[in-house]
Amino acid sequence: MENSSPSEIKLKTYRWVRPCTIVWLVLIALTLSTLAVGKFELIDVMGGRPLVAFLLITTFIKGVMISDYFMGLKFVRRRWRIIPLIYLIIVCSLIWIAYNQN
Amino acid sequence: MSDKFTKSMARNIFIGGSLFFFLLFLGLTFDTMSSLPKRDHRENITPQVASGKMLWEENNCIGCHTLLGEGAYFAPELGNVYKRFGENKEVIKAFIKSRPVTGIPGRRSMPQFNLTDQQLDDLAEFLKWTSEIDTNNWPPNIQG
Amino acid sequence: MERGLRLPFFNFEYKLILFNRQMFKRFLTQKQSKDDYPPGDLVIWIFIYAELLVFGVLFLAYAFSRSNNLELFNESQKLVNQELGALNTLILITSSFFVVRAVSAIREGKVEQCGHWLLATMVMGSGFIVVKIFEFSEKFAAGISLSTNTFFTYYLSMTAFHFMHVVVGLIILGAIWWKNRRGGYNQEEYTGVETGASYWHMVDLVWIILFPLIYVIR
Amino acid sequence: MKYKSQAVAKLYFIAALVLFAAQVIFGLIMAYQYVVGDFLFPEIPFNVARMVHTNTLIVWLLFGFMGAAYYLVPEESERELYSPLLAKVLFWVFLVAAGLTVAGYLLVPYAQLAELTMNELWPTMGREFLEQPTITKLGIVVVALGFLFNIGMTILTGRKTVVNVVMLTGLLGLAVFFLFSLYNPANLVLDKYWWWWTVHLWVEGTWELILGSILAFVLIKTTGVDREVIEKWLYVIIAMALITGILGTGHHYYWIGTPEYWQLVGSVFSAMEPIPFFMMTVFAFNMVNQRRKDHPNKAAVLWALGCAVMAFLGAGVWGFLHTLAPVNYYTHGTQITAAHGHMAFYGAYAMIVLAMISYSMPFMTHGKPANSNKAQIIEMWGFWLMTVSIVFITLFLTGAGILQVWLQRMGTNPESFMAAQDSISIFYWLRFATGWVFLAGLLVYFYSFFAGGEPKEENA
């Protein structure tokens, strides 16, 4: 299928630029929160489980945002969007399971 | 077939990917080569051990035995035979020397190699050296 | 003798499981035509999935061997510099943002602007490399190597493996920037830029997972 | 077959099949020696039979690859072979060298063969798969250089297609990595490290390129799907093969004295090695499903599809069975390795050579695209007999391996090697019986060349 018609591109580019700036800022905020958790040894202070859950959820959200907005999978057929989604779910949940093993 | 999948990009991935991973492999090889001297006590390789290895090769022991798990699976593992025979070179030498020429009826038989005493000692020395390689504690038990 | 929608890789499963769903769905959802394929060349996406799989297996190997010798991992993790890790994450996220701007620029035909955004991405990427080299030299100076202990085996092998991917990413972006400078891309033909961008996002996505897992989780 | 110089491949294929038969016969001798230890002792001890078995395997596969190259390169580069005379000369040089070496193994004790061939000047003998005397190894290097020159000149001055280029890359890689067999240091750990550069980077590196390009050629010719599509997928498959295969060498560096990080690198990357084989299976079936013409040579298509499937099972699944370090700790050096070896070698490499033979022989014997229905049916009987018997040999050896691991490697009081071998002799008897089925399949396959009947024309 050839690229969509010029007017279509206009719409898509417009929609692209604005959200990706927001996404960028949100990503930075989440990264800083992860650093904060690490820096102030909150995990040792407040116990590991809730905070690691928080970390994994923020990682998951960051991953989904990157794959949807930055990689542009949000504007593509659903089957391509599912793959990174499932990947992130599996990796983050298995890390959570491994963390709780001991 | 969709045009979204061009042959030139596939070729680039092939060339780029294999070069990339070959460079990684060279890097790991370099690291292994520089850290091996600390692991395989190569300083103990005396001329005797070297000639023992030559004997091991020239009599094709690898044709029946495994050494550190690699070789033929017909006869026992010899990487740790020095330890299995009670850390005693004489037992190994006696075993090789005493192989019957016509073999043991109905059993897996080791040929008689007619080695001189000096050769037997070299071969035992090589097997002793091999048993002292740091193989990340393989095999799982003394049986090998 | 064309048979239905031709998807090279998934065609096999779709034929077995689903009655030809795409044709049916297309008639229903005509409101806004989604692209059939992700941006960039499909081969890069096959490579991306392979790399995600490798890194995924490495992450899980790290996680499960961490739970086996917890004390060693927690102890060794103290030697790891979290600020540098976080700085690198911010760098990579920003470089990803720049490359998105580059793609949207070329989509609007602004070749000049796309070149600038690509340059910005590469500058951030080299920033990541500088920080990484500093971190590695710090570790090697402290006598830490691949064989020090299990934690550092994982730490060094994963970060070095990712580091090499950033280097390759910079080479790809450099090639695209060079082709763009010589007018290789325009509003009609920009698949190359999207391909490089998708690869770069994969490198960023992998680091997003790697940073909390190795640097923070204790 | 557009060019008459392609007929040179027929010589190579006949030699390949003769050596294949020799390999199977010595395989049977060894299979019986596993159960009756002193069979043919001391005339042909087990180690001599094994050397002949493994060396004839490698040599007949090399003959097959060379024959395949001599057949497909002229057709791909659309010009006559650079020098058919050189091809014939190299054929006889290689055949004589191989024959002398095997005769040397059989007639003279190995130590004496080493003396005769002055091994002490440049010792490279006595290592698994590389037992040939040094002069034979140098002979192989010369033959390889001549062969590469011949093929290279044909490709460089003709049409360059992906199949051609990939075949040349694979053959060049094969020649380059063979050179590592000439390095044999006194330090056993170094010796083993570099030994794997020849063995592993052959069977899980360059040979996969050769396998890919021959399979692509056969599929292009038999399914008529346009070349662009097949060549795109060829590149993707061999890219994945090299990406996973190169670092996959690590799964040999677990227990030979190399640092421990190889257990991580080796496990992760070799666990991914089945992926290219899976892609190859999906690719082969996809191409045949989308075929634009029904090629009369059904047997060749069967061989090509069978090769993709068996390569995935043997090299992929059975490889993954014992490639992870924690598993390999117990199964290293047991019959599990032998089981993987049998199915991987037959499935990936023997079958692709037989597929090429099955495709090209009709053209070379009577110029028609396919043999008669009768001949093809007999050939398919040979295919199924050989393939099914290899599957059973692998199953029996896997059973033997699992029991051996259980008895000899696990538990509090493990049995000695010999005691464990006696306890699993039932599997060796079953494997021995299946070996005869394989020989029967081979004979049926040979008979299919002489079955006669009216060769079939190219239909729609």
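So that the names make sense, note that chain A is the first sequence line, chain B the second, and so on, each numbered from 1.
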CD1 of C/Ile208 to CD1 of A/Ile66, rounded to nearest 0.5 Å, is 4.0 Å
Where C/Pro38 and A/Val76 come nearest, the two heavy atoms and their spacing
N-CG1, 3.8 Å
Considering non-hydrogen atoms only, spot the tightest contact between A/Tyr87 and C/Ile209 and give its length.
CE2-CD1, 4.0 Å
Between A/Leu88 and chain C, which part of the residue has a heavy atom less than 4.5 Å away: side chain, backbone, both or neither?
side chain
Region of A/Leu56 that comes under 4.5 Å of a non-hydrogen atom in chain C:
side chain
Quick one: pull up OG1 in A/Thr31 and CG in C/Leu87 and give me the separation to the nearest 0.5 Å.
11.0 Å
Chain C contact via A/Leu55 - side chain, backbone, both or neither, heavy atoms under 4.5 Å
side chain
I need the minimum non-hydrogen distance between A/Met71 and C/Ser198, along with the two atoms involved.
CE-O, 4.2 Å
Would you call the rings of A/Trp24 and C/Phe97 parallel, tilted or perpendicular, where under 30° means parallel and over 60° means perpendicular?
parallel
I need the minimum non-hydrogen distance between A/Trp80 and C/Asp36, along with the two atoms involved.
NE1-O, 2.8 Å
Checking C/Thr94 against chain A: side chain, backbone, both or neither under 4.5 Å from a heavy atom?
both
So, the part of C/Trp45 with a heavy atom under 4.5 Å from chain A: the answer is side chain
Rounded at 0.5 Å granularity, tell me how far CD1 in A/Ile90 sits from CZ in C/Phe59.
14.0 Å
Residues of residues 210-218 of chain C with a heavy atom under 4.5 Å from any heavy atom of chain A, in residue-number order, are C/Phe211, C/Pro212, C/Leu213, C/Val216, C/Ile217, C/Arg218
For C/Ser67 versus A/Ala98, what's the shortest heavy-atom pair and its separation?
CB-O, 3.4 Å
Closest heavy-atom pair and its distance - C/Gln82, A/Gly38:
OE1-C, 3.1 Å
Tell me, for A/Val91 versus chain C, whether the close heavy atoms (under 4.5 Å) come from the side chain, the backbone, both or neither.
both
Portion of C/Ile93 that has a non-hydrogen atom of chain A nearer than 4.5 angstrom:
both
Within this structure, what is the CG-CG distance for the pair C/Leu90 and A/Leu27, rounded to the nearest 0.5 Å?
10.0 Å
Here the side-chain hydrogen bond (donor to acceptor under 3.5 Å, both in side chains) pairs for residues 91-100 of chain A, sequence neighbours left out, are A/Arg49-A/Asn100
